[in-house]
Amino acid sequence: MNVFVRCRNGTLIPCFFCLVDVNLLFVASLTDRSIGGRGGKHGRGSDYKISDFDVKNYHLSFRENFYKSCAASVSAELALKTHCGGNNEKAWALINGFLTGLDRAADFSECSSGFLRFLWRYLDLLGLQPDVSSCSFCSSKLYDSAHYIASENAFCGTCCHHEKSPFFLSREAVLFLQGITFLPPEEASGLSVQNQAYAELKALIFYLIESACGSPLFSLKAGDF
């Protein structure tokens, strides 16, 4: 169980907490009265005890689907390791939306595409999402395949003869990233990719998200992605 709080004028304000295991993930709201504790200023060195909560949302399908359970665990570990990117409210909206969509996903294709969308958008929250609209070296629009250049955190199109990287994206993979970046969420949620493009995107996005965290994600290694 992890408790996420906002700090306002030196006062700890409870926001929400998530319970994550292979059977259940739910979100609960907390009130000032439901948390008791003691300690010094800003809550440092304090012991807090949760005495009550009100369940607002739950995702029972996670207990029946290993992929969903693992993907949900990755979102929780990301929030902890990155401290929500310094923006608790935006991180909460992003993660909650992801979990709701994941719960409704009907098959592996919807789950895997949604997972990639979430990780890619979380990179934007962290300010580390590379620009997928144009080649970073000649500024021409990316319409075809591209290489990701780690030293520049940018993409190089086929128009350039820049040294190629281990991360190659086919045209389908590039168009998918552009779609989930620039299309409205209701349209982006309908996008999916085939096996080869999914493998390319998974290799790149998993590398980017772990680089952003500065360490491996244990839930990412443990999951069957």
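Here, residue 1 is the first one in the sequence, and each next residue gets the next number.
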Problem set entry | Polar side chain donor-acceptor pair, E77 to S219, under 3.5 angstrom | yes
Exercise. Just checking, is any N or O donor in the side chain of D107 or S109 under 3.5 Å from an acceptor N or O on the other one?
Worked result: no
Side chains of [X] and [Y], heavy atoms from C-beta outward: is any pair under 4.5 Å?
X    : Y    : value
L191 : L183 : yes
S170 : D144 : no
Y198 : L116 : yes
L177 : I205 : yes
F176 : L169 : no
S145 : F168 : yes
R63  : S69  : no
L125 : N87  : yes

Problem set entry | Heavy atoms from other residues, nucleotides or ligands near CZ of F108 exceed 12 (cutoff 6.0 Å) | yes
Exercise. For atom CD of Q194, is the number of surrounding heavy atoms from other residues, nucleotides or ligands below 6.0 Å larger than 12?
Worked result: no
Working to the nearest 0.5 angstrom, can you tell me the gap between [X] [atom1] and [Y] [atom2]?
X    : Y    : atom1 : atom2 : result
Q129 : D124 : CD    : CG    : 4.5 Å
L208 : C213 : CG    : SG    : 11.0 Å
S61  : D103 : OG    : CG    : 3.5 Å
D131 : S133 : CG    : OG    : 3.5 Å
F155 : L142 : CZ    : CG    : 8.0 Å
K141 : C135 : NZ    : SG    : 12.0 Å

Identify the heavy atoms of [X] and [Y] that sit nearest to each other, and give their distance.
X    : Y    : result
K81  : S215 : NZ-OG, 3.3 Å
A173 : E200 : CB-OE1, 3.6 Å
Y122 : C84  : OH-CA, 3.6 Å
S192 : E172 : O-OE2, 4.3 Å
E210 : L217 : OE2-N, 2.9 Å
A188 : I180 : CB-CA, 3.9 Å

Under 3.5 Å donor-acceptor, [X] side chain and [Y] backbone:
X    : Y    : result
N153 : L128 : yes
S75  : A72  : yes
K68  : C111 : no

Exercise. What's the verdict on side chain to side chain contact (heavy atoms under 4.5 Å, CB included) for F118 and L102, showing C-alpha distance, side-chain angles and the deciding distance?
Worked result: CA-CA 10 Å; F118 164 71; L102 188 65; over 6 Å; no
Exercise. Given T181 and R121, is the side chain to side chain contact (heavy atoms under 4.5 Å, CB included) satisfied, shown in steps?
Worked result: CA-CA 8 Å; T181 302; R121 289 168 178 167; over 6 Å; no
Are [Y] and [X] co-members of a hydrophobic cluster defined by side-chain heavy atoms under 4.5 Å apart?
X    : Y    : value
Y67  : L99  : yes
L78  : F218 : no
Y207 : L119 : yes
Y148 : L126 : yes

For this session: Take F167 and I149, measure what side chain to side chain contact (heavy atoms under 4.5 Å, CB included) needs, and give me the verdict at the end.
Result: CA-CA 8 Å; F167 299 107; I149 310 301; over 6 Å; no
Problem set entry | Whether F225 and F206 hold their rings parallel, tilted or perpendicular, with breakpoints at 30° and 60° | perpendicular
Problem set entry | Salt bridge flag under 4.0 Å for residues E110 and R117 | no
Exercise. Is there a side chain to side chain contact (heavy atoms under 4.5 Å, CB included) between Y143 and L175 once you walk through the steps?
Worked result: CA-CA 8 Å; Y143 293 114; L175 292 177; over 6 Å; no
